[in-house]
Amino acid sequence: MIDRLEKEVDMLERHLQVLKMVIESEPIGIVKMSNETGYPHHKVRYSLRVLEEENLIEPSSQGAITTERTEEFVAELDDKIDDIGSKLDDMKISETAEAEN
C-alpha cells in the first residue's frame, strides 16, 4: 500500500527536477537533461510529456521552454507540498499510539 505512494513521490520528484531544469536553462533538450540528472532518456521524455500535458512547459525547436502557467504553479507548489506533508504527519500511527499512553 505505501510502496505505491513512495513510487508516486519519486516520480513527482523527477518531474519537478525536470521542470526546475527547464526553468533555469530554457530552452533545454532531453539529452542535456538526461546527462545532468542521470535519468535515462525515456524517463526524461515521460516527465516532459507529463509537464506538457499540465501546460507547464511546451516544446520549441531548441528544446523545452516554460509557459505562462509555470510561474503560478511554482508560486503555489511549496504550500501544496507543505499541506500534503502535514496530512502525512497526521497519518502516523506510532505517534498517535504514544500520545495515548
A.B. asks: Can you tell which of N35, L48, V18 makes a side-chain contact (heavy atoms from CB on, under 4.5 Å) with I30?
C.D. replies: L48

A.B. asks: So how far is it from S86 OG to I81 CD1, rounded to the nearest 0.5 Å?
C.D. replies: 12.0 Å

A.B. asks: With S34, which residues qualify under side-chain hydrogen bond (donor to acceptor under 3.5 Å, both in side chains), at least two apart?
C.D. replies: none

A.B. asks: With a cut-off of 6.0 Å (strictly less than), are more than 12 heavy atoms of other residues, nucleotides or ligands near CD of E36?
C.D. replies: yes

A.B. asks: Could you give all pairs that pass the salt bridge (charged side-chain N to carboxylate O under 4.0 Å, His left out) test and reach residues 39-54, with sequence neighbours left out?
C.D. replies: none

A.B. asks: Between M33 and I65, is there shared hydrophobic-cluster membership here, with clusters defined by ILVMFWY side-chain heavy atoms closer than 4.5 Å?
C.D. replies: no

A.B. asks: Residues in side-chain contact (heavy atoms from CB on, under 4.5 Å) with D10, at least two apart?
C.D. replies: E6, E13

A.B. asks: Looking at residues at least two apart in the chain, or sitting in another chain, which of them share a salt bridge (Lys or Arg N to Asp or Glu O under 4.0 Å) with K87?
C.D. replies: none

A.B. asks: Of all residues at least two apart in sequence or in a different chain, which pass the side-chain hydrogen bond (donor to acceptor under 3.5 Å, both in side chains) check with E72?
C.D. replies: none

A.B. asks: To the nearest 0.5 angstrom, please state how far the CG atom of D89 sits from the CG atom of D82.
C.D. replies: 10.5 Å

A.B. asks: Can you name the residues that form a side-chain contact (heavy atoms from CB on, under 4.5 Å) with L5, not counting sequence neighbours?
C.D. replies: I2, V9, L88

A.B. asks: Give me the atom names and distance for the closest heavy-atom approach of Q17 to T37.
C.D. replies: NE2-CG2, 3.8 Å

A.B. asks: For N55, which residues count as a side-chain contact (heavy atoms from CB on, under 4.5 Å) partner, sequence neighbours excluded?
C.D. replies: T67, R69

A.B. asks: Please, which pairs that meet ring pair (Phe, Tyr, Trp, His ring centres under 6.0 Å) have at least one residue in residues 3-58, sequence neighbours excluded?
C.D. replies: H15-Y46

A.B. asks: Quick check for you: to the nearest 0.5 Å, what is the distance between L19 atom CG and L77 atom CG?
C.D. replies: 8.5 Å

A.B. asks: State, yes or no, whether a side-chain contact exists between V22 and L56 at a heavy-atom distance under 4.5 Å.
C.D. replies: no

A.B. asks: Going by ring pair (Phe, Tyr, Trp, His ring centres under 6.0 Å), name the pairs with one or both residues in residues 54-77, residues two or more places apart or in two chains.
C.D. replies: none

A.B. asks: Taking only residues two or more places apart in sequence or in another chain, which ones pass side-chain contact (heavy atoms from CB on, under 4.5 Å) with V74?
C.D. replies: I23, T70

A.B. asks: Which heavy atom in P27 sits nearest to a heavy atom in Q62, and how many Å separate them?
C.D. replies: CG-CB, 3.5 Å

A.B. asks: Are E8 and M11 close enough that some pair of their side-chain heavy atoms sits under 4.5 Å apart?
C.D. replies: yes

A.B. asks: What do you reckon, is CD of E76 surrounded by more than 12 foreign heavy atoms closer than 6.0 Å?
C.D. replies: yes

